[in-house]
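One structure is given below, encoded as structure tokens.
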Amino acid sequence: MKVIPLLLLFSSALLHKPVTPLFDGRTFAGWVGDTSLTWRVENGALVGGSLTRFVPHNEFLSTQKTYGNFVLKLKMKLEGTGFVNAGIQFRSQRAQNPAYEMIGYQADMGDNYWGCLYDETRRNKVLAGPDPSVMKRLVRTNDWNEYEIRCEGPRIRLYLNGTLTVDYTEPDVNIPQTGLIALQIHGGGKAQVQYKDVMIEEL
């Protein structure tokens, strides 16, 4: 009688793929985007934007592979002047007009946006987010922060520095539950974002 639960537990564990890096710390292998002007690799991080040059519009560095259900963990550091904002796209696709945009969910970052779930291009609004007082307490300004994005079916959870900030269930059955993962630097300021330790566990 004790063998069956153990077998079921073992079988369930096999359904999950191991935690794997999406970024090798050295190259753009597996990623596509503007790697001539906007994105570069420095000190083991994917770096977008500039602290000295105005970023004219959004730019995204995206995976070549699509993902559906997963747990994504990564660290990021956002700095700059003017409109300083960035984000992590997921279950997303590249737009056609303009081609530099993306369509889909975003774990947002920047003043008044940290810890929020934004719908980029599609609905153009914050779908859910933490109380501003919680947001202010969690964020390490001009320093490294950590996001965890958990997608399971229509349910999306965001954790900022270990604290749950969003628990959202998508009510629209027509919204895709698979897509690209991408890293954003927002236009509108002299801003720079760094991403490192990008790890994913597919569920």
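A quick note: this is a predicted structure, and the numbers were derived from the prediction, not measured. These numbers come from the heavy atoms of this one structure, side chains and all, not from hydrogens, waters or symmetry mates.
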Check this for me: [X], atom [atom1], are more than 12 non-hydrogen atoms of other residues, nucleotides or ligands nearer than 6.0 Å?
{"X": "K196", "atom1": "NZ", "value": "yes"}
{"X": "Q96", "atom1": "CD", "value": "no"}
{"X": "N43", "atom1": "CG", "value": "no"}
{"X": "K75", "atom1": "NZ", "value": "no"}
{"X": "F70", "atom1": "CZ", "value": "yes"}

For the side chain of [X] and the backbone of [Y], is there at least one donor-acceptor N/O pair under 3.5 Å apart?
{"X": "R150", "Y": "V71", "answer": "no"}
{"X": "N161", "Y": "L138", "answer": "yes"}
{"X": "R123", "Y": "G104", "answer": "no"}
{"X": "D24", "Y": "L22", "answer": "no"}
{"X": "N85", "Y": "M109", "answer": "yes"}
{"X": "D108", "Y": "G87", "answer": "no"}
{"X": "N58", "Y": "E101", "answer": "no"}

[Y] and [X], any side-chain heavy atoms less than 4.5 Å apart:
{"X": "S92", "Y": "Q106", "answer": "no"}
{"X": "T35", "Y": "L61", "answer": "yes"}
{"X": "Q194", "Y": "W144", "answer": "yes"}
{"X": "F23", "Y": "Y195", "answer": "no"}
{"X": "E59", "Y": "L37", "answer": "no"}
{"X": "L72", "Y": "Y147", "answer": "no"}
{"X": "P98", "Y": "H57", "answer": "no"}
{"X": "R157", "Y": "E152", "answer": "yes"}

Query raised in the report: Of all residues at least two apart in sequence or in a different chain, which pass the salt bridge (charged side-chain N to carboxylate O under 4.0 Å, His left out) check with D167?
Result: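 For D167 the salt bridge (charged side-chain N to carboxylate O under 4.0 Å, His left out) partners, ignoring immediate neighbours, are R155.
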Quick one: [atom1] on [X] to [atom2] on [Y], what's the gap to the nearest 0.5 Å?
{"X": "I149", "Y": "K73", "atom1": "CD1", "atom2": "NZ", "value": "12.0 Å"}
{"X": "K136", "Y": "D131", "atom1": "NZ", "atom2": "CG", "value": "12.0 Å"}
{"X": "Y159", "Y": "E146", "atom1": "OH", "atom2": "CD", "value": "12.5 Å"}
{"X": "L46", "Y": "M76", "atom1": "CG", "atom2": "CE", "value": "14.0 Å"}
{"X": "L158", "Y": "L117", "atom1": "CG", "atom2": "CG", "value": "5.5 Å"}
{"X": "Q64", "Y": "L180", "atom1": "CD", "atom2": "CG", "value": "9.5 Å"}

**Report entry** Distance-only donor-acceptor check, side chains E170 and Y168, under 3.5 Å
**Finding:**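 Per modelled atom types, E170 and Y168 side chains form a pair under 3.5 Å.
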Query raised in the report: Under 3.5 Å, is there a donor-acceptor pair linking the side chains of D34 and S36?
Result: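 There is such a pair between these side chains.
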How close do [X] and [Y] get, counting heavy atoms only, and between which atoms?
{"X": "S50", "Y": "V55", "result": "N-CG2, 4.1 Å"}
{"X": "Q177", "Y": "R91", "result": "O-NE, 2.9 Å"}
{"X": "S62", "Y": "R94", "result": "OG-NH2, 3.2 Å"}
{"X": "C116", "Y": "M135", "result": "SG-CE, 4.0 Å"}
{"X": "M102", "Y": "T121", "result": "O-OG1, 2.7 Å"}
{"X": "I181", "Y": "W31", "result": "O-CZ3, 4.1 Å"}

Is [X] linked to [Y] within one hydrophobic cluster, defined over Ile, Leu, Val, Met, Phe, Trp and Tyr using a side-chain heavy-atom separation of less than 4.5 Å?
{"X": "L127", "Y": "V166", "value": "yes"}
{"X": "V193", "Y": "V47", "value": "no"}
{"X": "I175", "Y": "I88", "value": "yes"}
{"X": "Y100", "Y": "Y118", "value": "no"}
{"X": "V139", "Y": "I185", "value": "yes"}

Requested in this report: Please test Y113 against H186 for side chain to side chain contact (heavy atoms under 4.5 Å, CB included), starting from the C-alpha separation and ending with a verdict.
Outcome: CA-CA 12 Å; Y113 287 98; H186 203 291; over 6 Å; no
